[in-house]
Amino acid sequence: MKTHSHLLLTLTAGALLAGGAARAQIVDSPDGKVAGIPVNYTEAKTGAYTLPDPLRLADGRKVTDARTWFAERRPEILKMIEENEYGRCPPPPPDISFDVFDRGTPAFDGKALRRQVTIYFTKDRAGPKMDLLLYLPANATRPVPVLLNAGFTANNLSVDDPGVKVGEVWNAAQQKRVPATGGRRFGTLNVPAIVGRGFGVATVNYADIDPDALGAVAFGVRAAYLKPGRTEPAADEWGSIAAWGWGLSRAVDYFETDPGVDAKRIALLGVSRLGKTVLWEGARDTRIALVIASCSGEGGAALSRRNYGETVAHLVEKTRYPYQFAANYATWANRANEAPFDAHLIIALMAPRPLLLQTGSTDDWSDPYGEFLAAKAATPVYELLGAKGIPAATKQPPPGQPLMSTLGFLMHDGGHGTLPADLKVFLDFMQAHLQPGA
């Protein structure tokens, strides 16, 4: 993760990307430093490593059937990553409530119906809450699958629709949320293109759930779950990534009450740190049918054992992003090869549900090749469960040539984030697996 200036979530219509030059990895470039920590950009210096076997239990037994995977190995991996990387989340809140203040207003020249909902996480309506913006195809005659976007800004800045409630954004200097009456967009959701394919589309602002900032626990949902006398979560409890994902699952709670939504066909989309978020929440919440994780990189889909681009040490350095993870994650800052887990195990937790990893051909910081290798290493789990992954003999495809198996991979010709042409691939992937209109 660099800074938000590198996050280009522009989901707009466009032609397919032209293919770039075929290459297995990014071309080597000079090494650097971030926060005083060296950064390697030379493939030959990534180091040797051995990955934990996703199909071998901690006691050494081999997993050879789906029952053992779901009953034993999957819970084992989930607990291990939960306690060591993202942190444990609380269960769904018993006092959650939904205020549907916009029940179906025509939008986008009548192509969509707009719903707006405030989701209150606790009984106290002055406490933590989240605004959800949802569009459904106006011509739908039955519940539809929905793409839920984890957004970097207020909902009114995420779409070109003047009817959307003005939300709030986090102001780090003032240490509070302020009205989102202006400021930068981090991309615009192309609602007509998405509903035109038979899908609903929804978005939430991650800062409604938890501020993306150091020292801000008191201002997010995690504060409501602190044990008495604590000002920070325990070492194995949730960081902001897990909190953002937990909030996405609260949106799914709402979808289960909406007659226009097929809550068994919910897809998640997130970019960069929110790519990590949707990948982890898809692993945690098996109600989620499909995940598109964009440029999730280190701490997401890229192998930590590869010393390339961002590393665990960069993530947890005290001035950068330690708050996004469980405090225990810092234990592995310079010991990635000793950790009992790596990114391929997170990917394996999604199996056999569809997962598309999208990245960029010049995004060396996020290590696209490390994501591709992680997907290959998770493939045996997909295959065990009767789904198609990325076979061991498959080479990383060139930019613009997606692999569209149940476990898919897309590398566009460009950098960090998504490009307009990626949307067609996303919708094709969703069409294949979620089948709107079925």
Side-chain angles (χ1 to χ4, degrees), residues 50-92 236-239 241-242 245-246 248-249 252 263-268 270 275-293 296 299-305 325-326 328-329 332 336 339-357 371 373-392 405-409 433:
T50 300
L51 293 176
D53 187 345
L55 293 177
R56 190 168 296 280
L57 289 152
D59 64 10
R61 286 180 293 135
K62 187 72 175 173
V63 178
T64 58
D65 57 76
R67 188 207 65 79
T68 305
W69 169 258
F70 286 113
E72 299 185 61
R73 183 55 170 157
R74 190 183 189 283
E76 188 174 80
I77 294 172
L78 187 68
K79 185 174 186 290
M80 177 168 54
I81 296 172
E82 200 169 47
E83 294 180 350
N84 285 279
E85 185 167 356
Y86 301 111
R88 294 183 293 106
C89 288
D236 65 346
E237 290 182 328
W238 52 348
I241 286 173
W246 182 91
L248 295 177
S249 285
V252 178
K264 295 187 184 304
R265 292 188 288 170
I266 302 299
L268 298 184
K276 305 182 207 310
T277 298
V278 298
L279 179 62
W280 174 236
E281 197 57 23
R284 266 188 15 96
D285 189 343
T286 56
R287 297 177 301 170
I288 293 160
L290 181 151
V291 168
I292 302 169
S296 63
L303 292 173
S304 295
R305 279 165 166 76
F325 301 88
N328 279 342
Y329 196 38
W332 309 105
F341 60 94
D342 211 319
H344 67 304
L345 297 186
I346 305 171
I347 293 170
L349 292 172
M350 273 296 299
R353 291 167 294 151
L355 169 63
L356 178 62
L357 301 177
E371 292 197 21
L373 293 176
K376 290 175 71 171
T379 287
V381 179
Y382 273 81
E383 292 177 342
L384 176 74
L385 302 178
K388 189 176 180 182
I390 300 176
S405 303
T406 310
L407 176 53
F409 182 84
H433 296 290

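In what follows, residues are counted from 1 in the order of the sequence shown. None of these values were measured; they are calculated from a predicted model.
Screening E281, K264, M350 for a side-chain contact (heavy atoms from CB on, under 4.5 Å) involving I288 leaves a single residue, E281. Remark: of the listed residues V278, L279, T277, T277 is the sole one forming a side-chain contact (heavy atoms from CB on, under 4.5 Å) with I241.
Taking each heavy atom of A302 and A343 in turn, the nearest pair found is O-CB, 3.3 Å. In terms of heavy atoms, P90 sits closest to W246 at O-NE1, 3.1 Å. When all heavy atoms of P54 and I77 are compared, the closest pair comes out as O-CD1, 4.0 Å. Nearest heavy atoms, L385 versus A66: CD2-CB, 3.6 Å. Closest approach of G389 to L407, counting heavy atoms only: CA-CB, 3.9 Å. Scanning all heavy atoms of the two residues, the minimum distance from A378 to A348 falls at CB-N, 3.9 Å.
Counting heavy atoms from C-beta outward, E85 and M80 have side chains that stay 4.5 Å or more apart. By the 4.5 Å heavy-atom criterion applied to side chains, R74 and L349 are counted as neighbours. At a threshold of 4.5 Å between non-hydrogen side-chain atoms, the residues Y382 and I390 do not count as touching. Within the 4.5 Å cutoff, no side-chain heavy atoms of L248 are placed close to those of D285.
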| query | After noting the C-alpha distance and the side-chain angles of L373 and L51, does the key distance pass the side chain to side chain contact (heavy atoms under 4.5 Å, CB included) rule? | reply | CA-CA 11 Å; L373 293 176; L51 293 176; over 6 Å; no
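Judged purely by atom type and a 3.5 angstrom limit, Y329 has no side-chain atom pairing as donor or acceptor with the backbone of E83. No donor-acceptor distance shorter than 3.5 angstrom exists from the side chain of D342 to the backbone of H344, with no hydrogens or angles considered. Y86 contributes a side-chain N or O that, together with a main-chain N or O of G299, makes up a donor-acceptor pair within less than 3.5 Å. Formation of a donor-acceptor pair under 3.5 Å by the W69 side chain with backbone atoms of V63 is not found in this model. No donor-acceptor pair closer than 3.5 Å links the side chain of S296 to the backbone N or O of K276. Side-chain atoms of K388 do not come within 3.5 Å of backbone N or O of T406 as any donor-acceptor pair. Not one N or O on the side chain of R284 forms a donor-acceptor pair closer than 3.5 Å with the backbone of G245. The backbone N or O of E82 lies less than 3.5 Å from no partner atom in the side chain of R88, so there is not a single donor-acceptor pair.
Rounding to the nearest 0.5 Å places CG of L356 at 8.5 Å from NE2 of H433. With rounding to the nearest 0.5 angstrom, the CG atom of L355 is 4.5 Å from the CG atom of L357. A distance of 9.0 Å separates CD1 in I81 from CG in N84, rounded to the nearest 0.5 Å. Between T286 atom OG1 and R353 atom CZ the span is 6.0 Å, to the nearest 0.5 Å. For the atom pair OG1 (T379) and CD1 (I347), the distance works out to 8.5 Å, reported to the nearest 0.5 Å. Rounded to the nearest 0.5 Å, atoms OG (S249) and CG (L268) are 7.5 Å apart.
A salt bridge links E76 to R73: at least one charged side-chain nitrogen sits closer than 4.0 Å to a carboxylate oxygen.
A perpendicular orientation is assigned to the rings of W332 and F341, their planes being inclined by more than 60° (bins at 30° and 60°).
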